[in-house]
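For reference, the structure is listed below as structure tokens.
The chains referred to below are lettered A, B, ... by the order of the sequence lines, with proteins before strands, and numbering in each begins at 1.
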Amino acid sequence: MAAMHPRTIVHIDLDCFYAQVEMVADPKLKDKPLGIQQKNIIVTCNYPARARGVHKLMYINKVPKVCPDLIIRDGSNLKRYREASEKILDHLRGWTPEVERLGMDEFFLDVTHMVADEQEKMEKKLDFVGHVYRGETLTLIETQTRNESHVPSCTAKVHHCRCGCYQRLMTGSHIAQRIRTSLYQTLGYTASAGISVGKMIAKLSGELKKPNQQTTMLPAYIDGFLAPLRVRKIPGCGYSTSKKLASLGIETVTQLRNLSKQKLIKAVGAQIGGRLHDLAFGLDTSHVVATVREKQMSEEDSFKSCTAIDDVALRILSILRPLLERVRMRFQKHGDLPSTLRLTIRDRLSHQKTEQSKINTSGGAYFTTRTSRQTTIPLGFFHPENKKQEGYCVDHLMKLFFKMIPRKNQRFHLTLINVAVARFQAFGGAGKLGKQHGIDSFFIQSPTKTAPSSEDNIPTTRMAHLEHVKHTTDATRISQTARKRKFKTPPSFFRPRPPVQCTSGERAPQPERRQPAEQPVEPEPVTAEEIDALYITAARVTP
DNA sequence: TGGGGTCCT
DNA sequence: AGGACCC
């Protein structure tokens, strides 16, 4: 007979991840209250800080009252956190290839095979390690087998599953413990873990005991554990879905169980509805999908105000540089390049009305929506050999910006800029191509998209392609165009500039100091002619 | 509320 | 292209 709970899933959650990265790098911090700041917020903090009343996503100006001696580290540069996350991912892959990452600090491991291997070796465990949900009940049941008279009658009603999952989870708890120990001994990181027969329940179990502990959830207890939870606790049931459910009077899992699947699907859609219905009963067949590489990479910056085109270009450039650096690093390591470039903005002015209506319709908070435009770029544009890629990208991104702010004299008030690259494809790995393909095939355009400029020929060789890149990228081409149009001054963002000051660096004011107003990028004055030139350039290049 | 990321519609 | 979700 097939086992009802055949899998063993471990969910690993690094404790207060950003703070821990800082503490591992600088052990002096370990026992002191530590917070990680991004903009005006403590995004995370270590446990000593939590004991003092600091919590995640706390406004920095609340800090002095609860913890004036909080040590603050700037967390706006994610590089070291990314690197730490990669190391951890690699380490976990040493235990099993079936590792799925969620965010930077959470991992699902399907340890089913490890459990089977261990059981085959006759290494059956006789007890769990770490916490077991309602473990005290468990003890009572064991007592019961020895001496029935001492056991309260209610515990006798817990029937453990006989499919073998009990033994497997026991073994799983030991595997989880070993993994956590090795993580600490090799990399210095502590983590909490949940062990159960499905992803969702493993994740929820791990939250039960939190820093540096683990909890196993046996199937017999899943229903009872889930029943009183708010639906919002279920992974996948977020802000919006839980509001929709609340409007139907559904706030807990028990209430959710009593809603027919059909009604649920009608309320929140087939995908979420179907899954939510199953999850309410603890039914979770979703698989651990081994994480490969990111499918997109982005950098963003948020700020109080950006209202000038020149400022937009400057900020785009300061975002772009670290992004391109990441693209280069990835290319070195994996040999792939992106072929999509995307610009996303948050513009207060274009969403003012929407905000009002959203408040009225949904009755709650809203998030100022983002707007994006993306373009397809020939794969080789991001090749490190393309020295002009920075200018080229700014050119393209400004073009995308003008698609969103199309009219001259249209005012805007940006509060966020995000630049993303996506659609990574192997580049230059001729040896890996099928025989019918040569390296030339890398430059054949996707049929669904056109080249950036229709007048350009599609290059068919690598060198020709790079030449093409050079020509179409060259900022001077734009400048010359601007001159031809009789604008003496080329758009200012094409001129060489001093290194961009990372204004979003707007770096970590210490808590005792008053929040200085955000230091704006000092925009170079932009003339009417320059703006004209920008719009003309954009119009010329934009189809 | 940050600065990421994923998948679905 | 946007929405909703995750951290």
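Side-chain rings of A:Phe331 and A:Phe382 stay apart, their centers remaining 6.0 Å or farther from each other.
Along DNA chain B, the nucleotide nearest to A:Gln296 and the one nearest to A:Tyr59 differ in position, and the one closer to the 5' end is contacted by A:Tyr59. Judged by closest nucleotide on DNA chain B, A:Tyr18 is the one of A:Glu294 and A:Tyr18 placed further toward the 5' end.
When the side-chain nitrogen and oxygen atoms of A:Ser298 are compared with OP1 and OP2 of B:dG5, one or more of them lie within a distance under 4.0 Å. OP1 or OP2 of B:dG3 sits under 4.0 Å from a side-chain N or O of A:Ser302. Between A:Lys39 and B:dG3 there is a side-chain polar atom (N or O) within less than 4.0 angstrom of OP1 or OP2. A sub-4.0 Å separation between OP1 or OP2 of C:dC5 and a side-chain N or O of A:Thr241 is present. Not one side-chain nitrogen or oxygen of A:Arg346 sits closer than 4.0 Å to the OP1 or OP2 atom of B:dT1. Residue A:Arg342 has no polar side-chain atom (N or O) positioned under 4.0 Å from OP1 or OP2 of B:dG5.
Comparing atom distances between the A:Leu57 side chain and each of C:dC5, C:dC6, B:dG2 picks out B:dG2 as nearest. Comparing atom distances between the A:Lys295 side chain and each of B:dT6, B:dG5, C:dG2 picks out B:dT6 as nearest. The side chain of A:Glu106 lies closest to C:dC7, out of B:dG4, B:dT9, C:dC7. Taking every side-chain heavy atom of A:Gln38 into account, B:dG2 is the closest of B:dC8, B:dT6, B:dG2. Of the candidate nucleotides B:dG4, C:dC7, B:dT9, B:dG4 has the atom lying nearest to any side-chain atom of A:Glu299. For A:Leu102, counting side-chain heavy atoms from C-beta on, the closest listed nucleotide (B:dT9, C:dC6, B:dG3) is C:dC6.
Note on A:Ile41: a base of the nucleic acid sits closer than 4.0 angstrom, heavy atoms only. At a threshold of 4.0 angstrom between heavy atoms, the contacts of A:Met297 are confined to the sugar-phosphate backbone, with no base atom among them. No engagement by A:Arg101 is indicated, since no non-hydrogen atom pair under 4.0 Å with the nucleic acid exists. Residue contacts for A:Lys244: at a heavy-atom cut-off of 4.0 Å it reaches no nucleic acid atom on any strand shown. Within the 4.0 angstrom heavy-atom criterion, only backbone atoms of the sugar-phosphate kind lie near A:Arg232; the bases stay farther away.
When all heavy atoms are compared, the tightest approach of A:Arg315 to A:Ser305 is NH2-O, 3.8 Å.
The closest side-chain donor-acceptor pair between A:Arg346 and A:Thr415 falls under 3.5 angstrom. No hydrogens or angles considered: a donor-acceptor pair under 3.5 Å links the side chains of A:Gln177 and A:Thr181. Inspection of the A:Thr96 and A:Asp110 side chains reveals no N or O donor paired with an N or O acceptor under 3.5 Å.
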